[in-house]
A.B. asks: 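Below you'll find the structure I mean.
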Amino acid sequence: HQKIGVPCAYFTLIRDPVRLMCSFFPRRPYIFFGTGLNDVWAGFERHLDEWKDTAGHANLQTYEIATYDFDKPFPHSPETPPDVAIHYIRNYPGTSPDDLLRSAIEKIDRFYFLAGITELFEETLFLLFDLLGIEKIPLWRPGIYSYWRPPANEIPTRLRRKIERLTEADAALYERQRRGVEQLMAEADFGGDLLDYKIACRNPSYRLF
């Protein structure tokens with residue numbers, strides 16, 4: 001909005017921070033971490049420790065929203081090695097977790113007309129299309145499962161606790177925005193249409209077409 005010079009409103013999705021950290025798992029973990037499962041988890045923990053040593057935290061979502069108008073070094077991608085990804089949140093002023101959370105909330109309230117929740121994807125779509133005045137929502141179909149990534153429920157408890165400590169600001173933002181989405185859903189009351197939509201989108205047969 002600062003560059004194009006016209007009024008703007010933003011939309012974004014906030015994701016459970018533990019699940020988000022799983023999405024940064026490299027496509028070929030054995031290249032970076034080793035061949036055995038214990039090696040993989042040990043390597044993933046080294047990745048977390050490097051992030052902590054570099055930035056002191058891993059609050060990627062509050063960081064991105066709070067610093068959206070900064071020029072970032074480069075975005076992370078599934079092909080980006082973990083030792084490169086840690087530089088994504090380095091060397092900016094006011095990037096302590098408390099500062100990031102405060103700034104992210106301020107910017108969401110000021111510039112975003114909706115901050116949805118990834119884990120409430122269909123609900124977020126209904127709210128988004130309703131706010132935009134679009135009456136018909138296309139079906140979305142599940143994509144290819146990222147089989148190289150461990151699901152969040154497979155992370156060892158000790159590592160999960162470490163992720164939670166490193167993402168406290170992201171967790172606070174997630175809970176805040178989730179409560180907001182749930183409140184909007186209660187007020188909207190889409191009735192049976194939302195349930196029908198969720199069932200249709202999650203029907204495995206749609207993956208074939």
Side-chain angles (χ1 to χ4, degrees), residues 1-3 10-34 38-112 115-119 146 148-178:
H1 71 282
Q2 294 172 335
K3 294 182 178 181
Y10 293 85
F11 160 72
T12 192
L13 283 168
I14 307 295
R15 190 175 184 184
D16 177 271
V18 175
R19 294 176 181 271
L20 178 65
M21 291 302 294
C22 288
S23 73
F24 283 83
F25 216 78
R27 183 182 295 270
R28 297 177 178 86
Y30 54 85
I31 293 178
F32 302 107
F33 299 152
N38 289 336
D39 293 333
V40 168
W41 290 124
F44 189 55
E45 184 170 16
R46 286 196 301 272
H47 176 32
L48 295 176
D49 290 339
E50 288 172 346
W51 222 318
K52 183 178 184 300
D53 293 340
T54 299
H57 63 88
N59 294 289
L60 305 182
Q61 296 177 103
T62 50
Y63 180 89
E64 178 58 31
I65 294 172
T67 65
Y68 73 91
D69 49 351
F70 289 24
D71 291 328
K72 310 298 192 306
F74 39 71
H76 180 85
S77 74
E79 302 300 333
T80 306
D83 60 335
V84 175
I86 61 175
H87 298 288
Y88 184 50
I89 56 175
R90 173 182 286 192
N91 295 333
Y92 286 108
T95 55
S96 71
D98 290 341
D99 290 336
L100 291 174
L101 179 59
R102 183 165 48 250
S103 179
I105 290 174
E106 177 184 342
K107 290 188 176 182
I108 283 178
D109 290 346
R110 183 176 179 185
F111 295 115
Y112 287 74
I117 295 296
T118 301
E119 286 73 25
S146 301
W148 63 87
R149 297 173 183 165
N153 60 1
E154 289 186 7
I155 297 176
T157 300
R158 181 175 56 81
L159 293 188
R160 172 181 281 274
R161 297 291 178 263
K162 178 173 285 191
I163 293 173
E164 290 172 348
R165 288 194 298 270
L166 291 174
T167 58
E168 289 182 348
D170 272 8
L173 184 68
Y174 176 84
E175 293 299 327
R176 177 186 190 266
Q177 298 309 130
R178 179 156 186 150

A.B. asks: Can you find a pair of side-chain heavy atoms, one from I65 and one from L173, that are under 4.5 Å apart?
C.D. replies: yes
A.B. asks: Knowing that exactly one of K52, R161, R158, R160 qualifies, which makes a salt bridge (Lys or Arg N to Asp or Glu O under 4.0 Å) with E45?
C.D. replies: R158
A.B. asks: Considering all heavy atoms of both residues, which atom of C22 and which atom of I155 are nearest to each other, and what is their separation?
C.D. replies: SG-CD1, 3.2 Å
A.B. asks: I'd like to know whether CZ of R19 has more than 12 heavy-atom contacts from other residues, nucleotides or ligands below 6.0 angstrom.
C.D. replies: no
A.B. asks: For F44 versus I163, what's the shortest heavy-atom pair and its separation?
C.D. replies: CE2-CD1, 4.1 Å
A.B. asks: At what distance, to the nearest 0.5 angstrom, does NZ of K107 lie from CD1 of I105?
C.D. replies: 13.0 Å
A.B. asks: Looking at T62 and N59, would you say the former's side chain and the latter's main chain have a donor-acceptor pair under 3.5 Å?
C.D. replies: yes
A.B. asks: Are any of the side-chain nitrogens in R46 or D53 under 4.0 Å away from the carboxylate oxygens of its partner?
C.D. replies: no
A.B. asks: If you compare all heavy atoms of A152 against all heavy atoms of V18, which two are closest, and at what distance to 0.1 Å?
C.D. replies: CB-CG1, 4.2 Å
A.B. asks: If I take atom CZ from residue F111 and atom CD1 from residue I108, how far apart are they, to the nearest 0.5 angstrom?
C.D. replies: 12.0 Å
A.B. asks: Has D170 got a side-chain atom pairing as donor or acceptor with Q61's backbone, closer than 3.5 angstrom?
C.D. replies: yes
A.B. asks: First locate atom CZ of R110, then atom OG of S103, and finally report the distance between them rounded to the nearest 0.5 Å.
C.D. replies: 10.5 Å
A.B. asks: Would you give the length of the straight line joining atom OH of Y63 to atom OH of Y68, rounded to the nearest 0.5 angstrom?
C.D. replies: 14.5 Å
A.B. asks: So do the side chains of P97 and H57 get within less than 4.5 Å of each other, counting heavy atoms only?
C.D. replies: yes
A.B. asks: Between CD of E64 and CD1 of I14, what distance do you get to the nearest 0.5 Å?
C.D. replies: 10.0 Å
A.B. asks: So, are E175 and R178 salt-bridged, with charged N and O less than 4.0 Å apart?
C.D. replies: no
A.B. asks: For the OG1 atom of T157 and the CG atom of L159, what is their distance to the nearest 0.5 Å?
C.D. replies: 9.0 Å
A.B. asks: Take I117 and L13 through the side-chain contact (heavy atoms from CB on, under 4.5 Å) test and state the conclusion after the steps.
C.D. replies: CA-CA 5 Å; I117 295 296; L13 283 168; 5.8 Å; no
A.B. asks: Would you kindly say whether Y174 and E119 are connected by a side-chain donor-acceptor distance under 3.5 Å?
C.D. replies: yes
A.B. asks: Quick one: closest heavy-atom pair of T167 and A58, and the distance?
C.D. replies: CG2-O, 3.4 Å
A.B. asks: Salt-bridge test for D49 and K162: reply yes if a basic N is under 4.0 Å from a carboxylate O, no otherwise.
C.D. replies: yes
